[in-house]
**Q** 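Sharing a structure below in structure tokens format, with a few things to ask.
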Amino acid sequence: MAVDSPVAQLIRADRLRPIELLPWVVAVAAYFLASGYLPLGSQIMIMILFALSLDLVLGYAGIVTLGQAAFFGVGAYAAGIYAVHVSGEPLSGLLVGAAAAAIVGAVSGAIILRTSGLTLLMLTLAITSLLEAAANDATPLTGGNDGLQGVAINPLLGLFDFDLYGRTAYLYCLVVLFIAWLFVRRLVHAPFGQSLVGIRENVVRMHAIGTPVRRRLLTAYTVSAALAGIAGALLTQTTQFVGLTVLSFERSGEIVIMLVLGGTGRIYGAFLGAAVYMIAQDQLAEADPVFWDFWIGLLLVLIVLFARGGILGLTDRLLLMMPRRR
Amino acid sequence: MKLARLAAAIIAITALAPAGAVAQTVKLGVIDSYSGPMAGVGEQMDRGIRLYMQEHGKDLPPGVTLEIIRRDDTGPNPAVAKRLAQELITRDHVQLLAGVIFTPNALAIAPLATEAKVPFIIMNAGTSMITTKSPYIARVSFTLWQSSYPLAEWAAKHGIKKVYSVVSDYGPGIDAEQAFTKGFTANGGQMIGAVRVPLENPDFVPFLQRAKDARPDAVFSFVPAGKQATALMKAFGDLGLRAAGIRLIGTGDITTDEELQNMGDVALGVTTMFHYSAAGNRPANVAFVKAYKAMFGQNQVPSFEVVGGYDGMAAIFHVIRAQHGKIDPDRTMALLKGWKDDASPRGPIYIDPETRDIVQNEYLRRVEKVNGQLENVELETIPMVKDPWKVLNKQ
Amino acid sequence: MEAIVSILFLGLAYAMILYLISVGLSVTMGLMGFVNLAHGVFAMAGGYITVTLMSRYGVSFGVALLAACVAVALLSVVLERCLYARLYGAGELEQVLFTIGLVFMAVAVVRKIWGPLPQPIAVPALLSGQINLGFRSFPTYRTFLIAVSLVLTLVLWLGIERTNFGARLRAAVDNRRMAESLGINTGQLFTVSFALGSGLAALGGGLGADILAIDPGYAMEYLVYFLMVVAVGGLGSIRGPFVAALLLGIGDTACKYLVPQLGAFFIYLAMIGLLLWRPAGLFGRA
């Protein structure tokens, strides 16, 4: 039997398996069946995109960061300021958000990625906090603590108005997420993505085989920042408002929790984690908003103790336990 | 026999008729902060709502029920608040929206209120321009200009010539600073300095030291009510500002009733201007405080957020009663404009028909020890203050 | 001049509290290699226990502090043996998430029991008001804080540098394997130093209740400051957090006084600068 070459393995992994279409089927079905929940659906998809961006740096490249909200926030504000001062056209606004976040990602990455561990963690935190303080101060541009208002978004493609029921917003987020997903999927199944995994697992080895480690990490960081920026821009455009909390430490922490909940380093962990967290929060927080923190905390503790790979890790183990088909 | 049956049928039908045939359910969506760092404040507002419902639930017109749907915005989260408002409107089909602690949340919801034509009664958020953002917004709480501006006028007329301002760096703080500055300078006073304190800041010492260096007659301050106010008070004491002959004045947020006991005697003599004090001896307030303690505990003290929730419900009940439960958005706004309540715990209030904002008494208070407890004793009343920012900015 | 003295003095009190709370974190992170973000919970617990003992049971200040210290130290031993020990080999992300989960749980429980409002602290009459130190008066309590913290720091330093236990601890931090092969029971060392660090944090929380208000948000809100002090100071070091706390605490206060517009930025800019200059911390091992 011929041994699979690495390239052949990658190509095989990249082939679309039927189950990978499940999230899209669910999303489209939800549009028709759960029309009262479309605003929630849009925000879930935005969080999924945000979590995907984090998965790239945290799950694949192994960079532990508490500062992903910096890029989300920069994208959100860039798109908002663009809409207020330049043009309400949404698609160009997305690009502006992505570009602004990518620049911040590239610059900050170049400065801080040579550190690691607690130092890197604190640096990511510091950058986010600085941006938050700056946004609070720059009131004429960002609306300061009150938030940026008057973000009027033109109809999408000149045809589809952003309506009260959130229908246009939902489909908009769905399409953007789909494109982003295709992109990330291709990226991680390419040698680039594999090199990130290599860097995460054994960086010394990667240096030894001549991989330009710093450059790869910086590229991953920048791409991830751009994706997070798109998520932020989407939030601005669908809510037509930018609040200071897009740059908060809570936002960074929350997205890490969502990703870990679903399972890191597996793309679909982002889908599952964000969806489960947001739906649970919506339903359970209503029942007991004060104690919601407790359950999340307990969940985290249990995941780390017993279910390291998150939900997907658990399902993997369950599948292993099932009798094999011949 | 047949006649009796017919008579019975007629009586039965006429008995049913007056109720307007169908029972009406009015749905009210309340967006409040039940979790997150300001959960305490959100809880206060909710208590006001609950107290009012307990006292007046039976005052609804016959056949009309009020369904309150509560949603948690988890803090200053405008994206969440907007989504909740959207869901309340499109999924739960509420006819009225109420609540909201934070300005950004209110601002995010405003366009929805306009687009969906859902009256939005603000029970807390205090930045002046909020009511200009939608013709369907009415506010029953307060604005920072309403307390800071009259305070400035009072200060200028009572021997305070130079003031240094120390406020928290966010919407309400900036409003307070601008309001005080405007009122003070318009009455011959001199602002010798101003500093804005970051919202996340455990220590007021360096900022108050700057104030002390400038040697003002008084320091004007606004910080969020609660532990920041206590920190401010402690720093004021630690730095010996009072010994240096500097007074502390501010809006009532810096000496709220429920936090006052934590501040200790350093708070004595602090003069504030506010629309509510639990120590007010109006009969309506005495009864209100008594009912509050009965419902929530004898050692509990109602704060201004409680009153905001309480009076907001009074306004809502008014529009429900006047329309017999059939809520029409424009008619509701017409009813709210000019709505008066002389029996509010804070004194007589009404909603200005021009601006849809609250008009109320402002009380000049001083912290004094009464029966061993610190209280905000009301000294003077400035009647029926309209929001000065809107008055000054009238087009 | 007078203003600067005030600033330095009051900023020093703040810095000392940060130090007391953070030094335990530095040791456990340096020694155990364990990212314990729940450290703030020990300080918070210390604060709550102190305040509750004083206000509800009329216990005196000193006794309440001591009791809080001991109680939290014991609690931390239980936590360490039952939960933390399982994660010693785990990756950094796991430790971060686990301890953050503990923080969430602790915060929710505290909020449920004590409510969301901050706890009133009644400083003993002896320690309130102003004290005349000869050249000018200072707030008595802050003076007391500085004095106590300096004494504790000295005791700590002597303990680490001059005792057998301290020597073993330093050896274990430097090179765990080697220390073990010399017969040092590092597991036991971990537990004891973890308890010490947590007890110190509890002490810091109780003492500092006047400056860092005791409310359910404590563990999360001030976590960033503790982490900053430890990261800048250098993991595993005793001196590091001291210098870092001084730099950051006094620097922060001074900047807010001199250039208030930059008040919110200074501490983050300073941290970024210091960490980029010395990524392992001022006194850390590279």
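Here is how names work: the chains are called A, B, and so on, in the same order as the sequence lines, proteins then strands, and each is numbered from 1. A quick note: this is a predicted structure, and the numbers were derived from the prediction, not measured.
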**Q** Could you verify whether a donor N or O on one side chain and an acceptor N or O on the other, from A/Asp146 and B/Thr103, lie under 3.5 Å apart?
**A**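 No, B/Thr103 and A/Asp146 have no side-chain donor paired with an acceptor closer than 3.5 Å.
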**Q** Tell me which of these, A/Leu164, A/Leu235, A/Leu148, has more heavy-atom pairs under 4.5 Å with chain B than the rest.
**A**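 It is A/Leu164.
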**Q** Mind ranking B/Glu115, B/Arg83, B/Lys82, B/Glu43 by heavy-atom pairs under 4.5 Å with chain A and telling me who comes out on top?
**A**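 Between B/Glu115, B/Arg83, B/Lys82, B/Glu43, the count favours B/Arg83.
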**Q** With a 3.5 Å cut-off and no angle check, do the side chains of B/Lys133 and A/Gln149 form a donor-acceptor pair?
**A**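 There is such a pair (donor and acceptor under 3.5 Å, judged by atom type) between the side chains of B/Lys133 and A/Gln149.
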**Q** Rounded to the nearest 0.5 Å, how far apart are CD of A/Glu254 and OG1 of B/Thr74?
**A**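 With rounding to 0.5 Å, CD (A/Glu254) is 8.0 Å from OG1 (B/Thr74).
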**Q** Taking C-beta and beyond as the side chain, do B/Arg91 and A/Leu38 meet within less than 4.5 Å on heavy atoms?
**A**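 SC-SC contact between B/Arg91 and A/Leu38 ruled out.
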**Q** Which of the residues B/Ala106, B/Ala108, B/Pro172, B/Gly171 is involved in the greatest number of heavy-atom pairs with chain A at under 4.5 angstrom?
**A**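 Among B/Ala106, B/Ala108, B/Pro172, B/Gly171, the one with the most close pairs to chain A is B/Ala108.
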**Q** I would like to know whether B/Arg71 and A/Asp282 meet side chain to side chain contact (heavy atoms under 4.5 Å, CB included); could you show each step before the answer?
**A** CA-CA 9 Å; B/Arg71 303 303 300 273; A/Asp282 193 56; 3.1 Å; yes
**Q** Would you indicate whether B/Lys27, at its atom NZ, is surrounded by more than 12 heavy atoms from other residues, nucleotides or ligands within a distance under 6.0 Å?
**A**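 Counting neighbours around NZ of B/Lys27, more than 12 heavy atoms of other residues, nucleotides or ligands fall under 6.0 Å, so yes.
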**Q** How long is the straight-line distance from OH of A/Tyr37 back to CD of B/Glu87, given to the nearest 0.5 Å?
**A**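 It comes to 7.5 Å.
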**Q** Can you tell which of B/Thr127, B/Leu199, B/Asp169, B/Ile174 makes a side chain to side chain contact (heavy atoms under 4.5 Å, CB included) with A/Asn145?
**A**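 Of the listed options, the one satisfying the test is B/Leu199.
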**Q** Does the side chain to side chain contact (heavy atoms under 4.5 Å, CB included) test come out yes or no for A/Arg251 and B/Asn77, once each step is laid out?
**A** CA-CA 11 Å; A/Arg251 193 92 315 126; B/Asn77 262 321; 3.9 Å; yes
**Q** When B/Pro78 is tested against each of A/Leu244, A/Thr245, A/Val242, A/Thr239 for side chain to side chain contact (heavy atoms under 4.5 Å, CB included), which residue passes?
**A**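 That would be A/Thr245.
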**Q** Can you confirm whether A/Phe160 is buried at CZ, in the sense that more than 12 heavy atoms of other residues, nucleotides or ligands lie under 6.0 Å from that atom?
**A**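 Counting other residues, nucleotides and ligands, CZ of A/Phe160 stays at 12 neighbours or fewer.
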